[in-house]
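All chains are named by letter (A, B, ...) in the order of the sequence lines, taking the proteins before the strands, and each is independently numbered beginning at 1. Worth saying up front: this structure is predicted, and the values here are computed from it rather than measured.
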There are 2 protein chains.
Amino acid sequence: MPKYHDALDAVLRALADPTRRAVVERLAKSPAVVSELAAPFSMALPSLMQHLRVLEDAGLITSEKHGRVRTMSLRPGALDVLHLWLGEQRTPAERQADRLGVHLTRTTPKET
Amino acid sequence: MPKYHDALDAVLRALADPTRRAVVERLAKSPAVVSELAAPFSMALPSLMQHLRVLEDAGLITSEKHGRVRTMSLRPGALDVLHLWLGEQRTPAERQADRLGVHLTRTTPKET
DNA sequence: ATGATACTTAGGCATATACCTAAGTATCAC
DNA sequence: GTGATACTTAGGTATATGCCTAAGTATCAT
């Protein structure tokens, strides 16, 4: 029953970390092998690997190993669950605006 | 410079917790006072308050106190930053599909 | 003024996270 | 076979997170 929520939870937890988000951003461009993914970070390899595992467990990425090289890819549609949830959290006011096809200029958060 | 990323980070961290997500979902319907928000949870009030604070610090919700009652509301547009980021993480294949106006039937995640 | 309400503040604790180093294991190149 | 390469596995640590109880503070009701 809580399939959807569990998936959403895993995805959000995974994306809550900057390193993992950076990996997702990189993989959005194209697949890459572990060492390529690790290169931009000052982190030890095992640490980065943990992040990759979290992403894979969340279903955000997939991997395939050929020889000693593992290639990681962003799972197409993996972010759909988030997109879906996001759509449900629109305030009544926003829904109204949607209906009218209005684009509101947002009141900015406080700081510029 | 990292304004956007900081905001995104705060939002994602805030949404990574199920309790906080539940609060957001509740507030998406309408504003509510603290005790209303706390009611559905078995959690002690101070614990729930901490969550509310995280949400407010992330800019997801706002609050106003009148007398001894504090009313919390979902900040319209607060989730825009996430929506935006999400749009950027589409794979080349997905972008292609977008361009064609194609709706792919997703390969489901492994478990039904 | 007195008690009940509706939060708030102030510690404290236990588990979860993010990292690291050291020591494998499997391939690949010679 | 040997060494280099590309991960993997196995602990271990330090901080962050989530939750709690106890003790306020500010309002509101009588």
Side-chain angles (χ1 to χ4, degrees), chain A residues 2 5-27 30-75, chain B residues 2 5-27 30-75:
Chain A
H5 287 85
D6 285 357
L8 180 64
D9 192 64
V11 167
L12 248 7
R13 277 177 189 284
L15 296 180
D17 181 272
T19 300
R20 289 194 289 264
R21 240 152 36 228
V23 168
V24 167
E25 288 167 7
R26 167 63 189 79
L27 292 179
S30 73
V33 305
V34 172
S35 43
E36 282 179 312
L37 290 175
F41 303 99
S42 54
M43 195 176 293
L45 221 213
S47 306
L48 200 265
M49 292 293 292
Q50 280 189 337
H51 286 303
L52 295 181
R53 193 176 167 200
V54 171
L55 287 169
E56 191 159 14
D57 287 350
L60 285 171
I61 67 178
T62 50
S63 71
E64 250 184 278
K65 192 161 186 176
H66 292 104
R68 53 186 171 173
V69 177
R70 181 176 292 279
T71 302
M72 323 291 296
S73 317
L74 188 57
R75 260 255 319 283
Chain B
H5 287 85
D6 285 357
L8 179 64
D9 192 65
V11 166
L12 249 5
R13 276 176 189 284
L15 296 179
D17 181 271
T19 301
R20 290 194 289 264
R21 238 151 37 227
V23 169
V24 167
E25 287 167 7
R26 166 62 189 80
L27 292 179
S30 74
V33 305
V34 173
S35 42
E36 284 179 311
L37 290 174
F41 303 99
S42 54
M43 196 177 292
L45 222 213
S47 306
L48 200 266
M49 293 293 291
Q50 281 189 338
H51 286 303
L52 294 181
R53 194 176 167 201
V54 171
L55 287 169
E56 191 159 14
D57 287 350
L60 285 170
I61 67 178
T62 50
S63 71
E64 249 183 277
K65 191 161 186 177
H66 292 104
R68 53 185 170 171
V69 177
R70 181 177 293 278
T71 302
M72 322 292 295
S73 317
L74 188 57
R75 259 251 325 279

Next on the checklist: At 4.0 Å (heavy atoms only), tell me whether A:Arg53 reaches a base, stays on the sugar-phosphate, or touches nothing.
Outcome noted: nothing
Next on the checklist: From CG of B:Leu55 over to P of D:dG18, roughly how many Å is that when rounded to an integer?
Outcome noted: 11 Å
Checklist entry - Roughly how many Å is it from CG in B:Asp57 to P in D:dT17, rounded to a whole number? => result 12 Å
Checklist entry - Rounded to whole angstrom units, what separation is found between the CZ atom of B:Arg70 and the C1' atom of D:dT25? => result 13 Å
Checklist entry - For B:Asp9 and D:dT17, what is the distance between atoms CG and C1' respectively, to the nearest whole Å? => result 15 Å
Next on the checklist: Can you identify which nucleotide, out of D:dC19, D:dC7, C:dC19, has its nearest atom closest to the B:Gln50 side chain?
Outcome noted: D:dC19
Checklist entry - Of the nucleotides D:dC20, C:dC7, C:dT21, which has the atom closest to the B:Ala44 side chain? => result D:dC20
Checklist entry - Does the side chain of B:Arg13 get closer than 4.0 angstrom to OP1 or OP2 of D:dA16 through an N or O atom? => result no
Next on the checklist: Please tell me if A:His66 has a side-chain N or O lying less than 4.0 Å from either OP1 or OP2 of D:dA6.
Outcome noted: no
Checklist outcome for this item: Of the candidates C:dA18, D:dC20, C:dA6, the side chain of A:Asp17 sits closest to C:dA18
Checklist entry - Can you find a pair of side-chain heavy atoms, one from B:His51 and one from B:Asp17, that are under 4.5 Å apart? => result yes
Checklist entry - Do B:Arg20 side-chain atoms and B:Leu15 backbone N/O form a donor-acceptor pair below 3.5 Å? => result no
Checklist entry - OP1 or OP2 of D:dC7 sitting under 4.0 Å from any side-chain N/O of A:Ser35? => result yes
Checklist entry - Can you tell me if the side-chain N/O atoms of B:Lys65 get under 4.0 Å from OP1 or OP2 in C:dT8? => result yes
Next on the checklist: Strictly below 4.0 Å: does B:Ser47 bring a side-chain N or O up to OP1 or OP2 of D:dG18?
Outcome noted: no
Checklist outcome for this item: Interatomic distance, CD1@A:Ile61 vs CG@A:Leu55, rounded to 0.5 Å, equals 4.5 Å
Checklist entry - Rounded to the nearest 0.5 Å, how far apart are CG of A:Leu27 and CG of A:Leu60? => result 10.0 Å
Item to check | Rounded distance (Å) that lies between atom C1' of C:dA26 and atom CE of A:Met49 | outcome: 13 Å
Next on the checklist: What is the separation between atom CG on B:Leu37 and atom P on C:dC7, rounded to the nearest whole Å?
Outcome noted: 9 Å
Item to check | Out of D:dT27, C:dT27, C:dC7, whichever nucleotide has its closest atom nearest the side chain of B:Arg68 | outcome: D:dT27
Item to check | Heavy-atom pair with the smallest gap, counting every atom of A:Ser63 and A:Met72 | outcome: CB-SD, 3.4 Å
Checklist entry - Nearest to the side chain of A:Thr19, which nucleotide is it out of D:dC19, D:dA22, C:dC19? => result C:dC19
